[in-house]
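Worksheet: one structure, shown below.
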Amino acid sequence: MLEKNFDFKTAEADVVKRSKEIIAATAVKNRKSQTFTITLPPPNVTGSLHLGHAFTSTLQDVLLRYHRQHGDVTLGQPGLDHAGIATQIIVANQLSDQGVNWQEIGRETFIKKVWEWKEKSGGCIVHQLIRMGMSIDLDRLRFTMDEKSSRAVLHAFTQLYNDGLIFRAKRIVNWDPALKTAVSDLEVTNRQEKGTLWYIHYPLEGDEHQFLTVATTRPETLFGDQAVAVHPDDERYRQWVGRNVRLPLTRRIIPVIADEYSDPEKGSGVVKITPAHDFNDFEVGQRHSLEVLSVMDESARLNEWVPAEFRGLSVTEARKKVLAALEQQGFLEKAEAIQHAVPYNDRSGSVIEPRVTDQWFLDVKKLAPRAIQAVKDGEVQFVPDAWKHTYFDWLENVQPWCLSRQIWWGHQIPVWHTANGKMFCAMNEDEAIAQAAEYFGVDRDRVPALTRDPDVLDTWFSSSLWPFSTLGWPEATADLRTYFPTDVLVTGFDIIFFWVSRMIMMSLYFTNSVPFRKVYINPLVRDEKGQKMSKSKGNVIDPLFLADEYGVDALRFTLTQMAIPGRDIRVGASSVEIGRNFMTKIWNAAKFLERNQCLELREEEKTGGELSFALNRWIVAQAVAFKKKAKQDLEDMRFDFFAQGLYRFMKEIYCDVYIEGMKAGLANASPNVAAEIRGVARGVFLEFLKVAHPVIPFITETLWTQFGCSGMLLTEPWCEGPLEAADPAEKEDFYISVTEEVRSLRGLVGLSATEKLHLVAAVPDSFLGENREWFAALARLDSVECVKALPKNLSGLYFAKGSCEFCLKYPQELDLQKAKEVFAKKIQERENEVQRLKAKLSNEAYKKAKPEEWAKDAAAFEQKKEELQRMEAVRL
RNA sequence: GGUCACAUAGCUCAGCGGUAGAGCAUUGCGUUCACAUCGCAAGGGCCAUAGGUUCGAUCCCUAUUGUGACCACCA
């Protein structure tokens, strides 16, 4: 017996339990040898999953389940990401809440603490994934810092190093002074802020009455200035080029140089060049062989290279004090309020200070061309296609990737240094020593002391290897042969640079193959008001909260239905009601089947064959079309269409028409026909369950079992057999449309739903006579009478449909005026249609260009004209 | 400054070279034994603006306006 309502909590737990082994087994063996693989983007172990994760997870699971049902060996490779900086920040903050300074407890102890956190957060995430119905095998769960992944990272790094693609260089990088580490360009966000542009006098050497006015927003970096630059074509300053100025507040003399970087339009047209603290200035410095003088330490405090009174000051303090000193000594001309961009670290929120340091870089420029070509050649396809522009733009202008981070949590760089700067890159210390021994030509124990580079790799380095490192690379494993390259990557547009492009580059470099065939860029999930969800705004929705309230199926259905390519989606609790209501509808339909003895399995009816009940023929034809479209939608990755198709078929076709009609059918049919109806009702419903299963696994599995079917939908193929052979059921379609017309008329003239109505129908054949029961039920009629021709002066609501005429007999109390209006309106509708078609058909060019379409329109025109003529001939 | 999206019903959004659809909201009717987490029906749109291509444009092209995103930009 089915419960009154779908008890999703019990069902979810039960289905998860029953699915586990099958999911694991079908990752190895299924009916076909063809594989389908998705490497799930590994969530960061920084907490728990949010609604965006639930969204992409659902879409990926829909694909996994669809392919598993169709017999593919199906692997959804799960994993977790160590998320270097992000995780380190979280754990450091937790320690600080407990009054512990993470820097004081030392690297080893700190890392131990992070691993403890990882266990906790990872466990939470895994639990959430399973709860969401992800059909993944947790025995295959990987972590970017587990032993195998770490080996892959070491291997990749040493190979790139040996191939000369990884180098160490002293360069200006984005430096986070709070975390004291370099961060990549991608992690820096520029925010427009109010600032001040200060105009400062730089006196001419030898004649301090003359001066150049330099405009800057960064007066505190003045101590690092190596030159002032003017534009070579700037007449105002031409005579200054080649002379020297004195740096205010100091005795230092710097040259005036000419460089195109200087923009005469901006500020005073004279710009100070501070190579150690500005990216552009660094480049200017390179061009003019200027010295790089860093005047800040790792915490962005002024260092020993500045006058004593400014040492140790932070940027803000120093700025204040420098300005005061400039003003006091008469160097400050004016201050101007401006808007300018200030760089922030995404992760930590601190202001970035460009800083010159030794860092490790990957020469991405050498890897990019192949990656670009792979997408151009269609080896990797973006869905939606437009995202490839973003991908190309970035790769075509890509800069060396700063790989090193001065933090503790991550893969430590496998390079060992000698005291005087010789480096050995190796898989481990032993090998490094061996290399050193060979290099120096000495025994192992005579090798100079080696220290391992303290830096760790950018977290995205391990991620870039993920699709193949999870399958066993660098070993040539069976998994790698079986599952690689993978089929689809589902991810957000925000990590096309961070992740997608780098995976493609690394994969092509190391495996000579693309990592995946398709990249589905999923829409961004926003809240109901269209705001990006973020912890700071407090509008983050926990998917499990929604799942608890509405059920996982409801949530999955809602999310799937909203997966419109290329547009952000807005989700709130109320959107999940759509899904919840639909689950209720399905459940109620099942209850109806149960009460009408449709649940028992009857082999002979399941096979279909000749169907005698007209609506059976009709629903089978509908089911065939529905399934065909569902398949196409999934192949096209139109998840929204797929979900919509499920909704339409179940609600508007199966429930609204078929079930309503079969009630009448069952009541009037012979035992044989009744049995046929029950069989078809059941068969079509089961077919729906199969098709719907990828989106709503829990309710469908539960009903599958309740209907007495063996096995699980998880591996149940969509029926390819008898249901495929169906006739188009045109007559049924026609009369169903007549029932709609009757219902519409009844409402329009204001007849109550309880009013008994009689329909007289002038029809050419016996079809309606033989099918009057379900027809009457669908049209809400009391009785139907078939005649050869409508008698004259028949009082009632007249309408024509095709070549058939109908008269709905109304009761005495009907508002005649209203009835006339309705009749006029119906005539008008047809009139408009006839006029439109007539104009269209008279277009000779149209007839010539599209003869088939023209013919179709001509047929429609004839029909509408006939209807119109019939109706016009009638007097109400 | 550059690039890419988007502009359709009150709201959120589909769609398509042959003058438009859904969900929610609104209005009317209705609890006939699957379903009030409901059913039936109705109202509601110059498809941003201006040109162009075409026999025909909401759809393709160009421009404009507006919105959003990304990249660049610390004088």
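Heavy-atom basis, side chains included; hydrogens, waters and symmetry copies ignored. The structure presented is a predicted model; accordingly, all values stated were derived computationally and were not measured.
For the pair A:K585 NZ and B:rU37 C1', the interatomic distance rounds to 11 Å; values are reported in whole Å. A:N397 has its CG atom 13 Å from the P atom of B:rC71, to the nearest Å. Nucleotide B:rU3 holds its P atom 12 Å from the NE2 atom of A:H389, rounded to whole Å. With rounding to whole Å, A:W394 atom CH2 is found 10 Å from B:rA72 atom P.
Distance from the side chain of A:E652 is smallest to B:rG23 among B:rA34, B:rG23, B:rC73. Listed candidates were B:rA69, B:rA5, B:rC74. Nearest to the side chain of A:R218 is B:rC74. Side chain of A:R567, nearest nucleotide from B:rC74, B:rA75, B:rA7: B:rA7. Here the side chain of A:N280 is nearest to one of B:rA75, B:rC74, B:rC13, namely B:rC74. For A:D656, taking side-chain heavy atoms from C-beta onward, the closest of the listed nucleotides B:rC74, B:rU37, B:rC40 is B:rC40. The side chain of A:A589 lies closest to B:rA34, out of B:rA75, B:rU37, B:rA34. Comparing B:rA42, B:rC55, B:rG23 by their closest approach to the side chain of A:L748 singles out B:rA42. Closest approach to the A:P354 side chain among B:rC74, B:rU12, B:rA14 is made by B:rC74 (side chain taken as heavy atoms from C-beta onward). For A:R780, the listed nucleotide lying nearest its side chain is B:rU32; candidates were B:rU32, B:rA42, B:rC74. Nearest nucleotide to the side chain of A:K266, out of B:rC73, B:rC33, B:rC70: B:rC73.
With A:R743 contributing its side chain and A:L778 its backbone, the two residues share a donor-acceptor pair below 3.5 Å. A donor-acceptor distance shorter than 3.5 angstrom exists from the side chain of A:R682 to the backbone of A:L599, with no hydrogens or angles considered.
Within 4.0 Å of A:Q192, counting heavy atoms only, lies at least one base atom of the nucleic acid. Within 4.0 Å of A:Y199, counting heavy atoms only, lies no atom of the nucleic acid at all. In this structure, A:N843 reaches the bases: a heavy-atom distance under 4.0 Å links it to at least one base atom across the strands shown. Among the protein residues, A:K388 comes within range of no part of the nucleic acid, since none of its heavy atoms lies under 4.0 Å from any strand. If you check every strand for non-hydrogen atoms under 4.0 Å, A:D263 touches a base. Backbone-only contact: A:R570 has heavy atoms under 4.0 Å from sugar-phosphate atoms and none from a base. A:K663 comes within 4.0 angstrom of a nucleotide base, judged by non-hydrogen atoms across all strands. When heavy atoms are screened at a 4.0 angstrom cut-off, A:K856 is found touching no nucleic acid atom at all. Residue A:L593 is classed as having no contact, given no heavy-atom separation below 4.0 Å to the nucleic acid. Note on A:Y550: nothing from the nucleic acid sits closer than 4.0 angstrom, heavy atoms only. Using a 4.0 Å heavy-atom distance criterion, A:N5 is classed as a base contact. At the heavy-atom level, A:S744 lies under 4.0 Å from the strands shown only through sugar-phosphate atoms. Counting any heavy atom pair closer than 4.0 Å across all strands shown, A:S575 reaches no nucleic acid atom. Note on A:E549: nothing from the nucleic acid sits closer than 4.0 angstrom, heavy atoms only.
Going from atom CG of A:L247 over to atom CD of A:Q226 covers 8.5 Å, rounded to the nearest 0.5 Å. Distance check, rounded to the nearest 0.5 Å: OH of A:Y199 to CD of A:E333 gives 8.5 Å. Atom CE of A:M637 and atom CD1 of A:I521 lie 10.0 Å apart (nearest 0.5 Å).
Taking atom C1' on both nucleotides, B:rA57 is separated from B:rU8 by 14 Å, rounded to a whole Å. Look at the C1' atom in both B:rC24 and B:rG43: the space between them is 16 Å, to the nearest Å. Here, B:rC16 and B:rA63 have their P atoms 24 Å apart, quoted to the whole Å. Comparing B:rC59 with B:rG15, their C1' atoms are spaced 9 Å from each other, to the whole Å. Taking atom P in both B:rG1 and B:rU64, one finds a spacing of 13 Å when rounded to whole Å. Between B:rC60 and B:rC4, the two P atoms lie 16 Å apart (nearest whole Å). Rounded to whole Å, the separation between the C1' atoms of B:rC13 and B:rA20 comes to 14 Å. On the C1' atoms, B:rG45 is 24 Å away from B:rG68, given to the nearest whole Å.
For a distance-only test at 3.5 Å, the side chain of A:R580 qualifies as a donor-acceptor partner of the base of B:rU37. A:Q561 contributes no side-chain N or O that forms a donor-acceptor pair with the base of B:rA14 under 3.5 Å. On a pure distance criterion of 3.5 Å, no polar donor-acceptor pair joins the side chain of A:Y654 and the base of B:rA34.
Smallest separation of non-hydrogen atoms from A:P248 and A:I200: CG-CG2, 4.1 Å. Nearest heavy-atom pair across A:I699 and A:D553 is N-OD2, 2.6 Å.
Toward the 5' end of RNA chain B, the nearer of the two residues A:N581 and A:R746, judged by each one's closest nucleotide, is A:N581. Comparing A:V271 and A:E660 along RNA chain B, the residue whose closest nucleotide (by nearest heavy atom) sits nearer the 5' end is A:E660.
Between A:K651 and the phosphate of B:rU37, there is no side-chain N or O to OP1/OP2 separation shorter than 4.0 Å. For A:T217, a side-chain nitrogen or oxygen approaches OP1 or OP2 of B:rA75 to under 4.0 Å. Phosphate proximity of B:rG23 to A:R648: absent, as no side-chain N or O sits under 4.0 Å from OP1 or OP2. Within the 4.0 Å cut-off from OP1 or OP2 of B:rA75, at least one side-chain nitrogen or oxygen of A:H340 is found.
Salt-bridge check for A:E741 with A:R830: passed, with a basic side-chain N closer than 4.0 Å to an acidic carboxylate O. Looking at A:K529 and A:D527, no side-chain N of the basic residue comes within less than 4.0 Å of a carboxylate O on the acidic one, giving no salt bridge.
Under a cut-off of 6.0 angstrom, the local environment of CD in A:E3 is sparse, with at most 12 non-hydrogen atoms contributed by other residues, nucleotides or ligands.
Relative ring orientation between A:F688 and A:F582 is described as perpendicular, the plane-to-plane angle rising above 60° on a 0-90° scale split at 30° and 60°.
The ring-ring contact (aromatic ring centres under 6.0 Å, His included) search around A:Y391 returns A:F382, not counting sequence neighbours.
RNA chain B forms stems at B:1-7 with B:65-71, B:10-13 with B:21-24, B:26-30 with B:38-42, B:48-52 with B:60-64, each a run of 3 or more consecutive Watson-Crick or G-U wobble pairs whose two key distances fall under 3.5 Å.
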